[in-house]
Every structure is written in C-alpha cells, then in structure tokens.
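Right, one structure below, let's go through it.
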Amino acid sequence: LRQKAESLLKKKPAKSGLQPSQADTQKLIHELEVQNQELKLAKEETEAEVEKYTELYNSAPSGYFTLSKKGEIVELNTIGAQMLSSERSKLKNSLFGFFVSESSKPTFNLFLKEIFAKKTKETCKITLIVNDKKNLFVLLTGKIDKKEEKCHLTAIDITELKLNVKTPQESDERYRLIFDNSINATLITAEDGSIYSANPAARKMFQRTEEDICRIGRNGLVDTHDPRLAILLAEQKLNGHATGELTLIRKDGTKFQAELSTSVFTDRNNQQITSMHIRDITERKQVEAQLRLSEEKFRLLFKAIPVPTYIWKSTGDDFILIDGNDSAESFTKGAISNFIGVKASKMYKDDTLIQNEIKECFRSKAAIEREMEYTLKSTGEQSFLFVKYAYVTPDFVLVHTEDLTKRRQAEIALKESNDRFQSLADNIQGYVAYVNASTLRYEFVNSAFEKSFGIPREKIVGSLVIDIIGESN
C-alpha cells in the first residue's frame, strides 16, 4: 500500500513545487486501506449472494433446466438431476429428449420448437423414462432467454397428481361417467392455467384432442385480449369460485362467446385444482341480439305513433308509468318526463275510474275504449279525450289518448248553430223546408211544415219529397 501511495503521489503534481509530505503519504495510505476494505466487503457480499442463489437454485422443489435450441442440457439444478436419476456433471451436454418417452416425444419436440419460434411462455405435459424404467409425469414450462439462444425450463413432478388426484376421469366409475357424459364442456386445470383433463364435450367444443388441449393450456383456449379474463381470475382468486362470460377460441381460429363457472378445491396432496364448466352461448347471444333489434324496432314504432301513447308496467297491485312517445311529449308540452316512474295510484288518486280501467284491461287482457273529459296533470288544461287501453304481454298496458277537444268544440258550436236556426225557422209562419238537390230528400223542416202535413218532423227528415207531398204535387 505504501509503495502504491508513494507512486500515486509522485504522479500527482506538487503544489508550489513542494515534494509530498509524510502526512500526505499517510493520508493516501488510509484512503487506499478504506477502499480495499470496501472492495473486500463487496466481494464477500457478492459471493454470499451467489452462494444464496446457487443454494436456492439447487434446493428448489422443482427441476430447472437450461437447454440449447437442439435440446442439449446446458445447465440443471439438483432436483433436475434427481428427476433424470443421474449426476449433474454427466447430464450436461446430453439431449433432454433422450429421457422423454416415445409417446411424449412429438409433444416435447413441438413444445421446444414453439418456445424459440413464438418467443412466448409455453407449457406441456410429458412422460420421462428414468434409468429404472419408471415413468415420471412432469409438467414443463419453458421460456426463451434474452439472447434467444437458449431456453429455461421448469419441470414439476405431477406423478402423484396423475396417480392419486381424484379428477372426474380418474376417480371411481360413477364420477368418470358423469364427467365423460356431461353435456357441458368440463376442464380440470391448475392455478397457473395448465390443463390436466378435458371431457368429450370440451374436445368437441374446441375441436381438439385432450392431449392438444392439455398442451396449449388455458391461454390457448381463451382470447387473452378479452378484458373480462382478468376480472374472472381475480374473482376466482378472491372467492375460490367465479362465474362469467368470456371469448374462447376453437382450433380453426373462430371465436365464440361462452359462459364459464369455476370452482377451486384442494386435493389430498394439498394441491389446488380448478374445475371449470363451459357452456357455448353463441345461439343465446344471437337470440338476445335479435330481441334487442326487435325491441328497438318496437321502440321506434312506439315513438312514431301519431297519437299520445303511454306505457304502464304492472308492479304488484299497482302500475308504474315507464314511458311516453313523442306525441305524448308534445301533448304534455314536455312535462311527461316528470311523471316517469310515478305510480297510477298516486297520479290518479282522485280518479279511481282510470285506475280501475287500467287494472281491468290488464286482468281481462282485453281492450277498453271510452271518451272522457280530463284535466291534464302537466298543464291543468281541460280536454276531451278518446282513450283506449290495450294489454301488451307480459305485464304492460298501453294507453292511447286522442285529443277530441277541438272536434268536441266544433260539434257543440254546430249544435248551437242548428238550434238557433231551428228556433228562427220555427218562428216563421210559412212553410220552411230544406231539400238536398242531389238526393231530393228533406234535411230540415220547420214546425209549420210539420203541422201542415201532420207528420212528425223526425219522420219527414230523410224522406224523399215525393213520399211526403205525393206524386200529384
């Protein structure tokens, strides 16, 4: 340290041409000693971290493998070596596929190929054949490394799960039959989305074999862009069960809407398993879409009815006003919106006849018509209305109202005019008669005419002239 300090001091330009003092040398030695101590501590900490992660890597409950693109074992942990029943040093540079059973090799080869091709996390289930010829069922999860030259595999031994978990396919005959013959698609899955079993209905729904379904896992069957997926998984994690709708994908790439119901349970090995029941609701969605279209058409038709029309909905022993069309909006001068949601018993508390007519129409499912004088709730104006009540399935009453006020006023005015004319004519002493020139029928006669012929006025009006005065006249 002293030599290094002196060397550094010699290279350092001296102030005012003075040589470095003993104090400067000691100070630099102290600084170097501190730096050296810090480097030692950093080295020890790094070595401790490396040792810790190495210990974690080797003592992990799962097998860890690093494979090349050819499937050669580049690195593996202790559990991985135990799975293959050999020493780590002997397994390095060996082909992982050598330990894969013949029946599982196509699945493993496709799994390895897709890791490098798709650059996404892939999963598969395979069978390993170890030295004692004992089958080992493992779940592999693989992901490519950052340099895209190797991939990292996690191998979980699911032999006990395969042999002991009471999935519907592997339990007793009764439950196996229920599983196989269920009309709903059923999957037995793991928490991470791996799939253990798929019943015939699920295979038919997704157009895949059970092995294919298990290979691609949940992410291969579900549209991962569907925002409802995250909500469903969160609900399942929180409550242990979930129900909802998702977009699923068949083998040919077509997407369809499905209703899912999941339930999480723990098996005898304390492993969490999920039972998922799926129902294709494509036809139901189509019917719902047609229903919405039909309702929209009805609403457009309802809004366009040229007379004020209101919809009352049955609720217990009462009715609630739920809508009014454009004519009703105009007739009430925009006030109809203030009465939406009001009960008939409140709106017509002083007019039980209207309440009873709505109830009778609903009860009998028959139309009721009448004319009535009515004071508008919205404006307070007195009107004369023609009202028609009509039942609409399942629990509605349509009320059509036609404003006859102007017609009524015209009829009254006409009657008053006729009465005045009749009074005037009756006070004339000579005969007065009005005959339609086209039909030659009497339309009006005064009292003098009536008395002269001795025939009631009601019988004369409407008769032919020739029938009253005779052909000779």
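By convention here, the first residue in the shown sequence is residue 1. The analysis underlying the following values was restricted to heavy atoms, covering all of them including side chains, and did not include hydrogens, waters or symmetry mates.
Under the 3.5 Å distance criterion, with hydrogens and angles disregarded, no donor-acceptor pair is assigned to the side chains of Glu373 and Ser383.
Each ring pair (Phe, Tyr, Trp, His ring centres under 6.0 Å) pair with one or both residues in residues 100-122, not counting sequence neighbours, appears once here: Phe96-Phe108. Screening residues 234-244 for side-chain hydrogen bond (donor to acceptor under 3.5 Å, both in side chains), with sequence neighbours left out, gives Gln236-Thr262.
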Give the C-alpha distance, both sets of side-chain angles, the deciding distance and a yes or no for salt bridge (Lys or Arg N to Asp or Glu O under 4.0 Å) between Arg299 and Glu296. CA-CA 5 Å; Arg299 181 162 184 80; Glu296 183 61 26; 5.8 Å; no
Worked verdict on Lys303 versus Asp323 for salt bridge (Lys or Arg N to Asp or Glu O under 4.0 Å): CA-CA 10 Å; Lys303 288 293 184 182; Asp323 205 356; 3.5 Å; yes
Would Lys125 and Glu211 count as a salt bridge (Lys or Arg N to Asp or Glu O under 4.0 Å) here? Give the steps. CA-CA 9 Å; Lys125 289 192 301 183; Glu211 183 178 15; over 6 Å; no
Decide salt bridge (Lys or Arg N to Asp or Glu O under 4.0 Å) for Lys150 and Glu75; before the verdict, give the C-alpha distance in whole Å, the side-chain angles of both, and the deciding distance to 0.1 Å. CA-CA 10 Å; Lys150 296 177 286 186; Glu75 187 58 77; over 6 Å; no
Glu122 and Thr120: CA distance, side-chain angles, deciding distance, side chain to side chain donor-acceptor pair (under 3.5 Å) verdict: CA-CA 6 Å; Glu122 301 290 332; Thr120 57; 2.8 Å; yes
Let me see the working for Thr224 and Asn219 under side chain to side chain donor-acceptor pair (under 3.5 Å), right down to the final yes or no. CA-CA 7 Å; Thr224 54; Asn219 288 346; over 6 Å; no
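With rounding to the nearest 0.5 angstrom, the CD1 atom of Ile278 is 4.5 Å from the CG atom of Leu187. Separation of atoms CZ (Arg408) and CZ (Phe386) is listed at 14.5 Å; rounding is to 0.5 Å. Taking OH of Tyr310 as the reference point, atom CG of Asn325 lies at 7.5 Å (rounded to 0.5 Å). Taken to the nearest 0.5 Å, the CD1 atom of Ile73 stands 10.0 Å off from the OG1 atom of Thr66. The CG atom of Leu128 sits 9.0 Å away from the CG atom of Asp157 when rounded to the nearest 0.5 Å.
Side-chain N or O atoms of Thr127 include none that pairs as donor or acceptor with a backbone N or O of Ser101 at under 3.5 Å.
Residue Ser182 comes nearest to Ala201 through the heavy atom pair O-CB, 3.5 Å, listed as atom of the first residue, atom of the second, then distance.
Remark: aromatic rings of Phe319 and Phe362 are close, center separation under 6.0 Å.
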